[in-house]
Asks: 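I am attaching a structure below and will ask some questions about it afterwards.
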Amino acid sequence: MPELPDVESFKTYFKESSLDKVIADVQCSCKDLIRNINFKDLRHKLTGKSFRDAWRRGKFLICEIKDIPEKLIFHFGMTGDLHYVKQNTEEDRFARLVIKFENEYELRLLSIRKLAKIYLVKDPEEIKLIKEMGPEPLTISKKDFSKILDEHQRKNIKAFLLDQRNIAGIGNVYSDEILFKAKINPHKNIETVGLEQREKLYKSVKTVLREAVDCNMYFDSSWLIVHRGRDMRCPLNKNHKLKKEIIAGRSCYFCPSCQKYENH
DNA sequence: GGTAATGTTAGACT
DNA sequence: TAGTCTAACATTAC
């Protein structure tokens, strides 16, 4: 589930497992996933090197390599994961890229649906989506957030949250969670969201993402995420039933009672 | 066996 | 021009 909190945990995992280890070889069973470079060059560039550091931008994981300016960048698509395991153990059919280290371990990029992307670039801004990406939600100021809202008055609020060019890292699941927590109906346009709700939205963006990162995605039943597509009960009132509708082209779960269109 | 799926993007449409 | 909608990508899980 690679939205901001998920990629944040991939970053931690990557840093704990894969820094400062010499790369012995690189394998790729799905070369279409590699952008901006061909596999042969990627393999050549990485072999003998090691990772120095890693950081996150939106839903991208950016891995810095010792001694060269190029960075290995992952985007996880809809179904991505990282596994650091001992070589030759438990073959994984969804491992699309495998980085083998000299210590007998390897890092596997899994991508069931093959929607992940791999880049090797000197400057992350060579990737169009990163270049155009909006600010990081965990650090954006209220003033900047408000300004970006103002620039998209006519836009649907869920579509706004999903668009990486407005704010980075929010995807379908967390946009629902954020709107639920702010008690905003997902059908609303930004111009119909009142001052009080805008305030709540700003806080909700921060707390939802911050808490998801902090709890390492161990969600208790106060989260919408636990009920969506399952028991469909509202976390705030078990007599309320969640509704599923397609909004902004995606499956959207919300509580019509708590998130009334008339709220302001 | 039909359907939906945590992302992104291009192109058509209003 | 701006925003919305749909399909496509490729594949699995239920």
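Naming convention: chains lettered A, B, ... in sequence-line order (proteins, then strands); numbering from 1 in each chain.
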Asks: Treating a pair as Watson-Crick (purine N1 to pyrimidine N3 plus N6-O4 or O6-N4) or G-U wobble (N1-O2 and O6-N3) with both distances under 3.5 Å, list the stems of 3 or more consecutive pairs that involve DNA chain B.
Replies: B:2-5 with C:11-14, B:7-14 with C:2-9

Asks: Rounding to the closest angstrom, what is the interatomic distance between C/dA7 and B/dT3 at atom P?
Replies: 14 Å

Asks: Does B/dT8 have OP1 or OP2 sitting under 4.0 Å from an N or O in the side chain of A/Q164?
Replies: yes

Asks: Could you state the atom-to-atom distance from CG of A/L33 to C1' of B/dG7 in whole Å?
Replies: 14 Å

Asks: Over all strands shown, is A/L129 touching base, sugar-phosphate only, or nothing at heavy-atom distances under 4.0 angstrom?
Replies: sugar-phosphate

Asks: Distance check: side-chain N/O of A/R93 vs OP1/OP2 of C/dT12, anything under 4.0 Å?
Replies: yes

Asks: Ignoring the backbone of A/F94, work out which of C/dA13, C/dT4, B/dT8 is nearest its side chain.
Replies: C/dA13

Asks: Are A/H152 and A/N166 close enough that a side-chain donor and a side-chain acceptor fall under 3.5 Å?
Replies: yes

Asks: Within this structure, what is the CE-to-P distance between A/M78 and C/dA7, rounded to whole angstrom?
Replies: 15 Å

Asks: Kindly point out which of B/dG7, B/dT8, B/dA5 is positioned nearest to the side chain of A/Y253?
Replies: B/dA5

Asks: Using a 4.0 Å heavy-atom cut-off, does A/I112 contact any base of the nucleic acid, only the sugar-phosphate backbone, or nothing at all?
Replies: sugar-phosphate

Asks: Categorize A/S251 for me: base, sugar-phosphate, or nothing, with a 4.0 angstrom heavy-atom threshold over every strand shown.
Replies: sugar-phosphate

Asks: Would you say C/dT4 has OP1 or OP2 under 4.0 Å from some side-chain N or O of A/K155?
Replies: no

Asks: Hey, which of these two, A/G249 or A/L115, hits DNA chain C nearer its 5' end, going by closest nucleotide?
Replies: A/G249

Asks: Give me the atom names and distance for the closest heavy-atom approach of A/Y253 to A/L224.
Replies: O-CD2, 3.6 Å

Asks: Can you tell which of C/dT12, C/dG3, B/dA4 lies closest to the side chain of A/K244?
Replies: B/dA4

Asks: Please tell me if A/K59 has a side-chain N or O lying less than 4.0 Å from either OP1 or OP2 of B/dT8.
Replies: yes

Asks: Give the rounded distance in Å between these two atoms: NE2 of A/H152 and P of C/dT4.
Replies: 10 Å

Asks: Do other residues, nucleotides or ligands put more than 12 heavy atoms under 6.0 Å from A/Q153 CD?
Replies: yes

Asks: Which nucleotide in the list B/dG7, B/dA4, C/dG3 gets nearest to the side chain of A/H75?
Replies: B/dG7

Asks: Just how far, in rounded Å, is P of C/dA8 from CZ of A/R113?
Replies: 14 Å

Asks: Please measure how far the C1' atom in C/dT6 lies from the corresponding atom in B/dA4, and state the result in whole Å.
Replies: 16 Å

Asks: Side chain of A/K114: nearest nucleotide among C/dT11, B/dT8, B/dA5?
Replies: C/dT11

Asks: May I ask you to say what A/R165 touches in the nucleic acid, namely base, sugar-phosphate or nothing, with a heavy-atom cut-off under 4.0 Å?
Replies: nothing

Asks: What is the distance from CG of A/N156 to P of C/dC5, rounded to the nearest Å?
Replies: 8 Å

Asks: Between A/Y261 and A/K188, is there a cation-pi geometry (under 6.0 Å to ring centre, at most 45° from the normal)?
Replies: yes

Asks: Distance only, no hydrogens: is a donor on one side chain within 3.5 Å (strictly under) of an acceptor on the other, for A/W55 and A/E64?
Replies: yes

Asks: Let's go through A/H227 and A/M232 carefully: what are the C-alpha distance in whole Å and the side-chain angles of both, what is the deciding distance for side chain to side chain contact (heavy atoms under 4.5 Å, CB included) to 0.1 Å, and is it a yes or a no?
Replies: CA-CA 5 Å; A/H227 306 275; A/M232 294 298 267; over 6 Å; no

Asks: Taking NZ from A/K117 and P from B/dT8, how many angstroms apart are they, rounded to a whole number?
Replies: 8 Å

Asks: Is it the case that more than 12 heavy atoms not belonging to A/K203 sit under 6.0 Å from its NZ atom?
Replies: no

Asks: Pairing donors with acceptors under 3.5 angstrom, does anything connect the side chains of A/K158 and A/S175?
Replies: yes

Asks: Applying a 4.0 Å non-hydrogen cut-off, can you work out what A/D32 is touching in the nucleic acid: base, sugar-phosphate, or nothing?
Replies: nothing

Asks: Starting from P on B/dT8, measure out to CD1 on A/I127 and report it in whole angstrom.
Replies: 12 Å

Asks: Would you kindly say whether A/H187 and A/E245 are connected by a side-chain donor-acceptor distance under 3.5 Å?
Replies: yes

Asks: Using atom CD1 of A/I246 as one end and atom C1' of C/dC5 as the other, report the distance to the nearest whole Å.
Replies: 12 Å

